[in-house]
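Take a look at the structure set out below.
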Amino acid sequence: MTSENNRPAPNGGEAPEKKNFIREIVDNDLRTNKYEGRVHTRFPPEPNGYLHIGHAKSICLNFGLARHYSGFCNLRFDDTNPTKEEMEYVESIQEDVRWLGFDWADRLYYASDYFGALHEYAVKLIKKGKAYVCDLNADQVREYRGTLTEPGKNSPFRERTIEESLDLFERMRKGEFPDGLRTLRAKIDMASPNLNMRDPVMYRILRSTHHRTGDTWCIYPTYDWAHGQSDSIERITHSICTLEFADHRPLYDWFVRELGIYAPQQIEFARLNLTYTVMSKRRLLQLVEEGYVHGWDDPRMPTISGLRRRGYTPESLRVFADRIGVARSESTVDVAQLEDCVRDDLNKRSARVMAVLRPLKVVIENYPEGKVEELEAVNNPEDESMGKRKIPFSRILYIEQDDFRENPPKKYFRLSPGAEVRLRYAYIIKCTNVVKDEEGRIVELHCTYDPETKSGSAQSARKVKGTIHWVSAAHAMEAEVRLYDRLFNTENPGGENWKDQINPASLQIQKGCKVEPGLVSARAKDRFQFERLGYFCVDHDSKPGSIVFNRTVTLRDSWAKIEKS
Ligand code: ATP
Ligand code: MG
């Protein structure tokens, strides 16, 4: 069974990539030979958290462009802030990019590799009179910056001599001043309508051990100072980022122009927002640290590691990235679209099995005691090559509690007193008696079966309206099943009280589930369709003899119905 279920989807599961405005820009640059025919992109995460589905969009875009144009895509860690960054994140990010199906080959870089080069560039700007050491503290810098409607004021240190700035900058580097006492700032224009151009800080004094450079530096470049030069050093052609950086583009262009170095082209696109979840790393970190979820890879998280643990395939995420496309204006994508992608993919590739999540015992009174039949079941009606398997049938079975109603409403085609239903791949049974405990709870059903109705046999022509799944009690394996729902109750969780919008029922743990015996050989990450219930995968919490499944997604979008009514 295990060999049958993680097979690749036909055609790699992917539709042809869609055209988008970025591809048009690249096509045009290739026509005009702007970068000697090169296409070189990068994915530049800051290692201060795990990657999420929004990053997946950016990864698919950047690596996808490189693949499409036979170019290159670098993986670069934007590790300029030593206080928030950790090796754990560096490792998880690499794992996630690889799992998504992309390869940076030998192009793994770190902004911290450029600390030396950035320092030289800074000295060059000071010597040109384009940067100066400023003694204002952080609050004063803010105060002098002005607002969107008012121009800023020049720092009293702006006109200090080049020699003095060079000397002070060198002493900053050597560690002669306490943290935060001075900064290096670009000398641009305090009256610029663009706040990013009002003498932005390039270096700050910060005694913090960096995850790669250790204590070599006590001055660290700001993101705005490091980012564009890192792209330039790597000779990136198309530096793709999200819309909020459009206002930073004039600054990045100013730096490379003043330095006279290679100039990449920045292109902005709209970040992915998804309903019923949050996407900022700061908030995701809070969910983890405050125990709302059980870690970054909790299957309810929109992180790549969470989605992976939940049973999402890399193909489904790539198809999702392609379906939502790339646009220039903000929008929010319905999470149902993401769920559809994984459903489509798993439908094609996952083995069907029978599992009962809330078992109700059924005794087939006219079935011989001790008899066991091996019935034939189809592994995947969508893919004949996945073959068939045998499942045991015997006198005592489990069915789903939901598949029996003592007082059935109209059009209830499952089991009820006196009614008939087909057991999938087996026989038609009829409920003859309902056994209850002292408190009136139903504990078991007595049924009879019609031996003439075995599935696949010549006499099985007799039809009943409903078919339900089941497992043989003596053969079933026990399992724990974790049922996940949306992490938030509101479509666009936000505001001060965003944590109050967490769905308290986002995880329901179902113990004592009964699954068909073939699943004994299932291993972590194996994926299945539990017939009639949804797609499930084996969680890595499983131990020999106690298997745990995660529900990836239900078979149909149950929220669509709820929202309509
Ligand atoms: P934060 O949440 O801390 O603001 P970030 O989301 O910008 O951080 P980075 O590590 O800087 O995280 O992101 C790496 C790359 O992924 C950037 O190029 C960024 O533009 C892109 N990216 C981040 N979030 C999204 C998103 N929601 N949709 C598309 N791309 C994204
Ligand atoms: Mg960022």
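Note that ligands are numbered from 1 as they come in the structure, with each ligand's atoms numbered from 1 the same way. In this text the structure is predicted, and so the values were computed from the model without any measurement.
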Practice item. Using a 4.0 Å heavy-atom threshold (strictly under), name the region of H52 that reaches ligand 1: side chain, backbone, both or neither. Key: side chain
Study note, to complete from the structure: Output for pair (T313 OG1, K525 NZ), nearest 0.5 Å, gives 13.5 Å
**Study point:** Proximal ligand 1 atoms for F269, defined as those under 4.0 Å from one of its heavy atoms
**Key:** 29 (C), 30 (N)
Study note, to complete from the structure: Honestly, for F245 the part within reach of ligand 1 (heavy atoms, under 4.0 Å) is neither
Point to revise | Distance-only N or O hit between ligand 1 and L272, under 3.5 Å | key: yes
Review point. Near G54, which atoms of ligand 1 are under 4.0 Å from a heavy atom of that residue?
Key: 25 (C), 26 (C), 27 (N), 28 (N), 29 (C), 30 (N), 31 (C)
Practice item. Have a look at K57, K281, E244, E46 and point out the one with the heavy atom closest to atom 1 (P) of ligand 1. Key: K281
Review point. Is any NZ, NE, NH1 or NH2 atom of the basic residue among D103 and R98 found under 4.0 Å from an Asp or Glu carboxylate oxygen of the other?
Key: no
Point to revise | Ligand-side contact atoms (ligand 1) for residue partner P44, heavy atom cut-off under 4.0 Å | key: 14 (C), 18 (O)
Exercise for review: Show your working on ring-ring contact (aromatic ring centres under 6.0 Å, His included) between F169 and H119 and close with a plain yes or no.
Suggested key: CA-CA 10 Å; F169 186 52; H119 178 260; 5.2 Å; yes
Check your understanding: Is R107 close enough and on-axis enough to F72, meaning under 6.0 Å and within 45°, for cation-pi?
Key -> no
Practice item. Give the single entry among S58, P45, A56 that approaches atom 14 (C) of ligand 1 most closely by any heavy atom. Key: P45
Practice item. May I ask you to establish whether R76 and Y109 are in a cation-pi arrangement, using a distance under 6.0 Å from NZ or CZ to the six-membered ring centre and at most 45° from the ring axis? Key: no
Review point. Do F549 and F536 pass the ring-ring contact (aromatic ring centres under 6.0 Å, His included) test, and can you show the C-alpha distance, the side-chain angles, and the key distance before you say yes or no?
Key: CA-CA 6 Å; F549 288 95; F536 294 77; 7.1 Å; no
